[in-house]
Structure formats: structure tokens, C-alpha cells
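Worksheet: one structure, shown below.
The residues of the chain are indexed from 1 along the displayed sequence.
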Amino acid sequence: MIKSDIKFYPLTQIEADIDFLIYQIRKRQVKLIANLGLQKLIDDCRNYLALAPGAPIYNTTLQPLLVLYSLSDTLRMLWMKRLDFTVQLRAMNTGDFAYGVTSTGNSINFKDFELELFSAAYLNEYGVNATLPQHTSGNDLFYKDIEIQCKHPEALTVIK
């Protein structure tokens, strides 16, 4: 497969989603860290944009686009519901956006907080008014008196 075969996610939409993510990052004063989390996602998506139309495409080339596609939709839903996700976005600076990839210190924060944001967005989309606590300790979502924990499944399946 080559870059010009990719039709599901037009270049203009990728650029718009990167801009939206950067807007949310700046609005929430997130300090990006080179080669980790959100910065790596942005860089890898920009690297894809820079490829020639005839460049070969691999799963590793598409992976950041799929994460950006999902994350930007998630953030838009939360933003439109006026839910605060500052702490969760800040926490996505560590870890890797790739499933099952840990960073220094065995951190998978990007995927953990991506799951929390995704869960909150879709619960709210379907009428369950869940909120995101603005701290990183304890429960991940709240709905009325129900406290919800969201865990990245990799944490449960690591074999040592």
C-alpha cells in the first residue's frame, strides 16, 4: 500500500485534527515532552503528512493516524459538553500512544488516560453525565455516586 491509497482520513482533516489537538494542549498549558506521549503523536502524524504520495505505508505508519482520529473525536465530544479534561491531557505526556508499549519506568499513561477520556466522552454522548476528576489519584470517572476505574488492559496482561 502507498500513501495515496489512504482515503479514510484526508490530509486536510489530519491537519485540522493536529491543529485542534495543539489548540487544546495550549489552552490547558500542557508542556510537551520530546519523543513521548502527545508530542510523539503530533510528530509522527506530521511525518506522515510529509511523505510523498507514492511512499509505502505500513501498520506503524498508520497507527498514529488512527490514534489521532480517535483522540480528536473524543476531545471534541468532551469540549462540546464543556467537560474539563486538563489533568488527563497533561498526563498523556508520558507513555506511548502505541498499544502495549511502555516507556521509561514502565509507564503507560498515554493509553490509560486516553481510555478515561474515551470512556467519559462516550458515556456523555449517550446521556450518562460522567465527569472527569481533575486529579490523577483515585477514581477515573464519576457518575452521581458511582466511582469508576478505567484501566488499560495491558496492565492486567503483562507477563514477567
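Residues Met80 and Val128 share a hydrophobic cluster, clusters being chains of Ile/Leu/Val/Met/Phe/Trp/Tyr side chains in contact below 4.5 Å. There is no path of hydrophobic side-chain contacts, each under 4.5 Å, that joins Phe118 to Tyr143. If you chain together hydrophobic residues whose side chains sit under 4.5 Å apart, Met77 and Leu66 never meet in one group.
Put simply, the side chain of Phe110 reaches to within 4.5 Å of the side chain of Val67, judged on heavy atoms. Taking 4.5 Å as the limit, every side-chain heavy atom of Ile6 sits out of range of all side-chain heavy atoms of Leu11.
Shown here are the ring pair (Phe, Tyr, Trp, His ring centres under 6.0 Å) partners of Tyr48, two or more places apart in sequence or in another chain: there are none. With sequence neighbours excluded, the residues satisfying side chain to side chain donor-acceptor pair (under 3.5 Å) with Asp84 are Thr86. Residues that satisfy the side chain to side chain contact (heavy atoms under 4.5 Å, CB included) test with Pro56, not counting sequence neighbours, are Tyr58. Qualifying side chain to side chain donor-acceptor pair (under 3.5 Å) partners for Asp17, counting only residues two or more places apart in sequence or in other chains: Tyr9, Gln13, Ser72, Arg76. Taking the side chain to side chain contact (heavy atoms under 4.5 Å, CB included) definition, one finds that Asn35 meets it with nothing, sequence neighbours left out.
Within the structure, no pair that satisfies the side chain to side chain donor-acceptor pair (under 3.5 Å) test touches residues 119-130, not counting sequence neighbours. Identified under the salt bridge (charged side-chain N to carboxylate O under 4.0 Å, His left out) test for residues 43-62, with sequence neighbours left out: Lys40-Asp44. Applying the salt bridge (charged side-chain N to carboxylate O under 4.0 Å, His left out) test to residues at least two apart or on different chains, none of the pairs has a partner in residues 4-15. The list of salt bridge (charged side-chain N to carboxylate O under 4.0 Å, His left out) pairs with a residue in residues 51-67, not counting sequence neighbours, is empty.
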What side-chain donor-acceptor pairs closer than 3.5 Å can you find for residues 20-34, not counting sequence neighbours?
from  : atom 1 : to    : atom 2 : distance (Å)
Gln24 : OE1    : Arg28 : NH1    : 2.3

Margin query: side-chain contact (heavy atoms from CB on, under 4.5 Å) for Leu62 and Ile57? Distances and angles first, verdict last.
Written below: CA-CA 7 Å; Leu62 289 177; Ile57 298 297; 3.6 Å; yes
Note to self: Does Leu132 form a side-chain contact (heavy atoms from CB on, under 4.5 Å) with Leu117? I'd like the steps, not just the answer.
What the structure shows: CA-CA 8 Å; Leu132 291 156; Leu117 293 172; 3.8 Å; yes
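Shortest non-hydrogen contact noted between Pro64 and Cys45 is O-SG, 3.5 Å. Minimum heavy-atom separation, Leu123 to Ala130: CD1-CB, 4.0 Å.
The distance from the CG atom of Leu65 to the CD1 atom of Ile18 is 8.0 Å, given to the nearest 0.5 Å. With rounding to the nearest 0.5 angstrom, the CG atom of Leu75 is 11.5 Å from the CG atom of Leu83. Here CD1 of Ile42 is found 12.0 Å from CG of Asn47. Values are rounded to the nearest 0.5 Å. Note: Thr61 OG1 to Lys3 NZ = 10.5 Å, rounded to the nearest 0.5 Å. The distance from the CG atom of Leu71 to the CG atom of Leu38 is 7.0 Å, given to the nearest 0.5 Å. Rounding to the nearest 0.5 angstrom, the gap separating the CG atom in Leu41 from the CD atom in Glu114 is 8.5 Å.
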